[in-house]
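Just follow the structure's listing: the first ligand is 1, and inside any ligand the first atom is 1. Since the structure is predicted, the reported quantities are computational estimates derived from the model, not experimental observations.
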Amino acid sequence: MGELFQEQLQALRARSLERKLREISSAQGPEAQIGGRLLINFSSNDYLGLAGDSRLREAAIGAIREFGVGAGASRLVSGTQSPHLRLEAALAKWKETEAALSFSSGYAAALGTVPTLVGKDDVILLDKLCHASLIDGAKLSGAILRVFPHNHLGKLENHLEWARREHAGKRILILTESVFSMDGDRAPLHELIELKKRFGALLMLDEAHAVGVIGPNGRGLAAAQNLSDDVDVQMGTLSKALGASGGYICGSRSLIEWLVNRARSFIYSTAPPPGIVSAALAAVNFLGSSEGEERRRLLWERIRLMQDLLPRNELNEKAGVASSTIFPWIVGDEQAAIDLASALQSEGFLVPAIRYPTVAKGSARLRITVTASHGENQIRSLCEAIKRANERRAED
Ligand SMILES: *Cc1c(COP(=O)(O)O)cnc(C)c1O
């Protein structure tokens with residue numbers, strides 16, 4: 001057993017694709033303590049700085065005092081405690097949908113939900129850059145799977161025509177994200193919805209990186225564009241801008257009742273711990289408050305500063321406006337991305353190098369994330385460090 005994976009690991013190492021864990025010995029925040037050093041953290045999805053917020057901590061502690069630590073059973077058995085129902089009511093109210101269901105993670109939400117929407121003989125059309133959770137959910141459903149090039153409406157339309165012709169009478173499900181996790185760009189929602197209506201398809205939209213950041217009360221991109229009612233299944237996570245942990249689906253009451261009856265990751269897993277659920281509820285309440293509004297405004301100031309200061313080269317041309325908290329800085333070669341990340345680390349910045357299989361081979365990159373907790377000077381100094389590293393590379 002000891003030797004079983006040695007060769008495979010060695011092969012990963014040889015291609016600069018081996019991954020390792022690193023220990024962070026501090027709370028989440030704009031700085032991270034690693035190996036006795038404090039690094040400025042540009043790797044976190046805690047966009048509003050809520051993961052360490054005292055309101056969330058107090059909500060979790062209060063719920064632990066009242067309800068204990070573990071939920072004890074799955075939701076349908078005896079794990080549905082008051083915090084779960086309170087959270088789901090708040091999620092539905094916040095997203096302005098009939099109902100909501102929470103899961104242990106965003107990953108579990110996708111994995112459990114997609115197979116309840118479609119099955120064998122149905123068709124899934126999935127954007128090439130969709131997150132692994134959507135891909136895995138799609139595979140698990142057993143539906144026929146077609147991938148369309150990223151945000152390519154023409155190809156999607158071709159697939160829809162094909163699906164309607166070759167699989168007449170079957171369900172067609174379009175899976176995409178509102179803000180893409182490794183590229184930070186947005187889906188063309190208006191056009192997607194026009195297509196899905198024309199072909200009578202369903203749309204499931206993963207708003208993992210848009211909630212908390214975009215739209216009224218941070219409700220996401222669909223809400224920002226007044227399109228929520230046209231999204232059949234709204235998915236999101238409680239683990240990123242909301243600072244807690246868990247995932248959710250919002251939609252019609254019948255959808256949610258169907259999920260309660262069929263979503264295996266919901267049914268066959270112990271309910272999320274009440275402390276975490278209560279922290280997520282505090283985060284939802286924060287998003288709707290004036291302080292939440294102010295925090296989002298501050299976040300967008302930081303995003304625009306990063307957009308202005310991030311140096312550009314031929315692989316990284318400047319977009320007109322920043323579209324999210326996520327700034328990819330494309331390097332290409334896997335080892336070069338690792339080298340750049342470690343050069344930045346030695347200058348005091350934690351910026352992850354993202355490689356295959358998270359992104360395509362040869363499109364390795366830094367994935368810089370901006371949060372409301374970053375100081376202007378932290379953003380300035382990161383951009384200067386990238387500029388220096390970029391100039392050194394150009395000279396080599
Ligand atoms: C992070 C992420 C998920 C999974 O959410 P978790 O709560 O972390 O499990 C799903 N979809 C996208 C696009 C993500 O970035």
Is the charged tip of Lys155 near the ring of Phe148: under 6.0 Å from the six-membered ring centre and within 45° of its axis?
no
Between Arg367 and Trp329, is NZ or CZ placed under 6.0 angstrom from the six-membered ring centre and within 45° of the ring axis?
no
Within a radius of less than 6.0 Å around [atom1] of [X], do more than 12 heavy atoms belonging to other residues, nucleotides or ligands occur?
X	atom1	answer
Glu166	CD	yes
Arg171	CZ	no
Glu23	CD	no

N/O to N/O below 3.5 Å, does that happen between [X] and ligand 1?
X	result
Glu177	no
Gly106	yes
Ser181	no

[X] heavy atoms, cut-off 4.0 Å: which ligand 1 atoms fall inside?
X	value
Gly246	7 (O)
Ser133	10 (C), 11 (N)
His209	14 (C), 15 (O)
Thr237	5 (O), 6 (P), 7 (O)
Met235	10 (C)

I'd like to check Glu207 versus Glu177 (side-chain heavy atoms, cut-off strictly below 4.5 Å). Are they in contact?
no
Using side-chain heavy atoms (C-beta onward) and a distance below 4.5 Å, is Glu96 in contact with Asp229?
no
Taking 4.0 angstrom as the limit, do Glu391 and Arg388 come out as a salt bridge?
no
Are any of the side-chain nitrogens in Arg65 or Glu58 under 4.0 Å away from the carboxylate oxygens of its partner?
no
Note the single closest protein heavy atom to [atom], along with its residue, its atom name and the distance in Å.
atom	answer
atom 13 (C) of ligand 1	Asp206 OD2, 3.2 Å
atom 9 (O) of ligand 1	Tyr107 N, 2.9 Å
atom 8 (O) of ligand 1	Ser239 OG, 4.0 Å
atom 2 (C) of ligand 1	Lys240 NZ, 2.3 Å

If we only consider heavy atoms of Gly247, is any one of them less than 4.0 Å away from an atom in ligand 1?
no
I'd like to know whether ligand 1 has Cys130 as a neighbour, heavy-atom separation below 4.0 Å.
no
